[in-house]
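Reviewing the structure listed below.
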2 protein chains.
Amino acid sequence: MTLQTIADLTGVSVSTVSRVLNKVDNAASPETAHRIEAAAERLGYVPNAQAAALRTGASKVVGLIVADIANPFFATIATTLEQSLLERGYGLLVANTGNNTDLERRYVTTMAQNRVETLVVAPTSNDPRHLDEARRLGIRILLIDSRVDGVEVDCVLVDDETSIRKAVDHLTSLGHRQIGYISGHQRILSDLDRLRGYTRGLAAAGIEGDSELVIRSDFTELGGFRAAARLMALAEPPTAIVASNNFMATGVLRYARANGICIPEALSLVSFDDLDWYDLVTPRITALTQPIEAIGKLVSDLVSNTDDTAPGVPYVLPTSLTLRDSTAPPRHPTSSDKEA
Amino acid sequence: MTLQTIADLTGVSVSTVSRVLNKVDNAASPETAHRIEAAAERLGYVPNAQAAALRTGASKVVGLIVADIANPFFATIATTLEQSLLERGYGLLVANTGNNTDLERRYVTTMAQNRVETLVVAPTSNDPRHLDEARRLGIRILLIDSRVDGVEVDCVLVDDETSIRKAVDHLTSLGHRQIGYISGHQRILSDLDRLRGYTRGLAAAGIEGDSELVIRSDFTELGGFRAAARLMALAEPPTAIVASNNFMATGVLRYARANGICIPEALSLVSFDDLDWYDLVTPRITALTQPIEAIGKLVSDLVSNTDDTAPGVPYVLPTSLTLRDSTAPPRHPTSSDKEA
DNA sequence: TTGTATGCGTTATCAC
DNA sequence: GTGATAACGCATACAA
């Protein structure tokens, strides 16, 4: 089932068939064009994309590497991207790293082997090497969720530091002074930016940072659960916790539930990154909401526009603090922290 | 950056380079092999998968077509599959149909053009044509979530009818007699099987079916919301609702919240397909839990085993009814339905 | 309007 | 042990 088959059947040459099927202008006389199309249709001819890719140098495939496609944040981007890709006849190759840098490297290789035209990646570290290697092959890289030092490509981000700042400001203005913070593995710039937002937020409120209140976790629900456990076991446990992603915040919620800790009475909670069901639980969870549709749209547009002029621009989008019910003033306003 | 480049650089032929890099036995003398490998490493050579695919006829890519990759059910399958694929150096091409049959057709075509070796698809209809077309190209089809009439391939399913039966039996044994049912678009066999489970469940309890209590919806949260609205607006509204998927059940929950309907006091709810957070809301939602890890594992294994001997086997896995708090006896046990 | 020829990067078969 | 050589299916520059 190749062009040759059709050519033989219609008594023309492969080139003519190719031109007709590719809708080249004046590819053939109306009659022959018709004959060819009819034959292709009847035989159920499906062009071989690999062969075309080899010939043209355009694979018509885009790659997407994220931590976890099950995270609604990434799933939305994937879906949006893929829809816009379909219109152009592109395929989407996806890979989950689970925040594993080694896996990321291997997947970048797979993507490179498949000669994806553009590779959208949510990096798991600040290491530029494997990305640079892919770029050297002519693969266009598009970063999401975090920048990578030294990789000068377009990237779509949110203002991580400012976002967390908003959360911390909110808590301090509520009267909290013992604020716990759960970060991911701080290999990633965005996670460090978020952490900086926390530190500066405390400083702005005249609160001295306490390293015990900052837990380095791993972006997973279980990690959040454990971090909450460590935090609440402290001599002076926090009256509020900020988690640097949704899964870890969920872990905190689960820990609170399991241990009879009332939110927000005994513990306030803010999540970076919202979740659909955060307004269905009791209490509804306050979260930093990312403009996820806008991000998906932007990514799609950037992927479609092969406008390789600019040297790489960071698109920084704002988040909004969606106030719900998981934050409240601390039980013992500001001074009597010692009694814990 | 091709085999030729390396060949030139090391002063051997492309064939030798190819053999060495493919780790063919006795490909070359130890020294030359070493030279070649070193050169490849130094140049950052990445093989062109398209070219290899064209030559060998094996694309090393698997396709996955599902309704919505954001659905944890599908996301888990995707993740599991992809991990097992990575080990074999395969890529995963994904597509979301949003339950749109037309999109499904187009995506099957895209997958076919890319000559995926295996195509895993959660069908959106009972139409076998596009699938047969792909099979004719030598693409192996693997069905998940639902069978398709006339497509005799391996498929991984759960026992839909029995599952819903369990839910309905549970409700009738609680004393419910007005049980609403929200189905998806009944184009899909699995959805029809579930509906049959409902019908037979009622019959087994000696309850006469009421067509008004069955709403044909669309598998979305909004659809579930609207279906709940229609159901509760009935002259004799149901005292319990069974939704044939998780999103629609969530829609029902949302409707109940928005309208002050207490679950389970005023309305019992059971969802087909569980969700991580169903045990975090109040009330915790009773659901039919699919053996999702087992399904993912099975799919991965089937995809890996290119054992094309059997003519196509349905693997039917059992679900379990996870009893939580969203079901309770109806307020007015069995008789006083009329007062609504 | 149509056909011929060439090459994309690989792999595989055969010689040497 | 190594190297020509052909072929995979397609697109295109060029010739007719």
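To find a chain, count down the sequence lines: A is the first, B the second, and so on, and within it residues start at 1.
Side chains of B:T220 and B:D218: a donor on one and an acceptor on the other come within 3.5 Å. With 3.5 Å as the limit, one finds a donor-acceptor pair spanning the side chains of B:N96 and A:E82.
For the side chain to side chain donor-acceptor pair (under 3.5 Å) test, residues two or more places apart in sequence or in another chain that qualify with A:E104 are A:T124, A:H130. B:R129 is linked by a salt bridge (Lys or Arg N to Asp or Glu O under 4.0 Å) to B:D127, counting only residues two or more places apart in sequence or in another chain. The ring-ring contact (aromatic ring centres under 6.0 Å, His included) check on A:H34 picks up nothing, with sequence neighbours excluded. Under the side chain to side chain donor-acceptor pair (under 3.5 Å) criterion, B:D102 pairs with no residue at all, not counting sequence neighbours. With sequence neighbours left out, B:D132 forms a salt bridge (Lys or Arg N to Asp or Glu O under 4.0 Å) with no residue at all. Under the rule for a ring-ring contact (aromatic ring centres under 6.0 Å, His included), B:Y107 has no partner lying at least two apart in sequence or in another chain. Residues passing the side-chain contact (heavy atoms from CB on, under 4.5 Å) test with B:E133 are B:R136, sequence neighbours excluded.
Rounded to whole angstrom, the span from the CZ atom of A:R55 across to the P atom of C:dG9 amounts to 11 Å. Rounded to an integer number of Å, the gap from CD of B:Q50 to P of C:dG9 is 11 Å. Between A:Q113 atom CD and C:dG9 atom P the separation is 16 Å, expressed in whole Å. As rounded to whole Å, 15 Å separates atom C1' of C:dC8 from atom CE of B:M1. Between the CZ atom of A:R115 and the C1' atom of C:dG9 there is a distance of 9 Å, rounded to whole Å.
Contacts between residues 28-49 of chain B and DNA chain C, defined by a heavy-atom separation under 4.0 Å, are made by B:Y45, B:P47, B:N48. Contacts between residues 6-22 of chain A and DNA chain C, defined by a heavy-atom separation under 4.0 Å, are made by A:G11, A:V12, A:S13, A:S15, A:T16, A:R19.
Where B:A51 and B:A27 meet DNA chain D, the nucleotide closest to each residue was compared, and B:A27 sits on the side nearer the 5' end.
Residue contacts shown for A:L3 are limited to sugar-phosphate atoms, with no base heavy atom under 4.0 Å away.
First and last contacts of DNA chain D with chain A, using any nucleotide atom under 4.0 Å from a protein heavy atom and ordered 5' to 3', fall at D:dG9 to D:dT12.
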Please list every donor-acceptor pair under 3.5 Å in which a side-chain atom of residues 66-77 of chain A meets a protein atom from a residue at least two apart or in another chain.
residue, atom, partner, partner atom, Å
A:D68, OD1, A:A70, N, 2.8
A:N71, OD1, A:F73, N, 3.0
A:N71, OD1, A:N246, ND2, 3.3
A:T76, OG1, A:P72, O, 2.7

Between side-chain atoms of residues 84-95 of chain B and protein atoms elsewhere (two or more places apart, or another chain), which donor-acceptor pairs fall under 3.5 Å?
residue, atom, partner, partner atom, Å
B:S84, OG, B:L81, O, 3.2
B:Y90, OH, B:E117, OE1, 2.8
B:Y90, OH, B:E117, OE2, 3.3

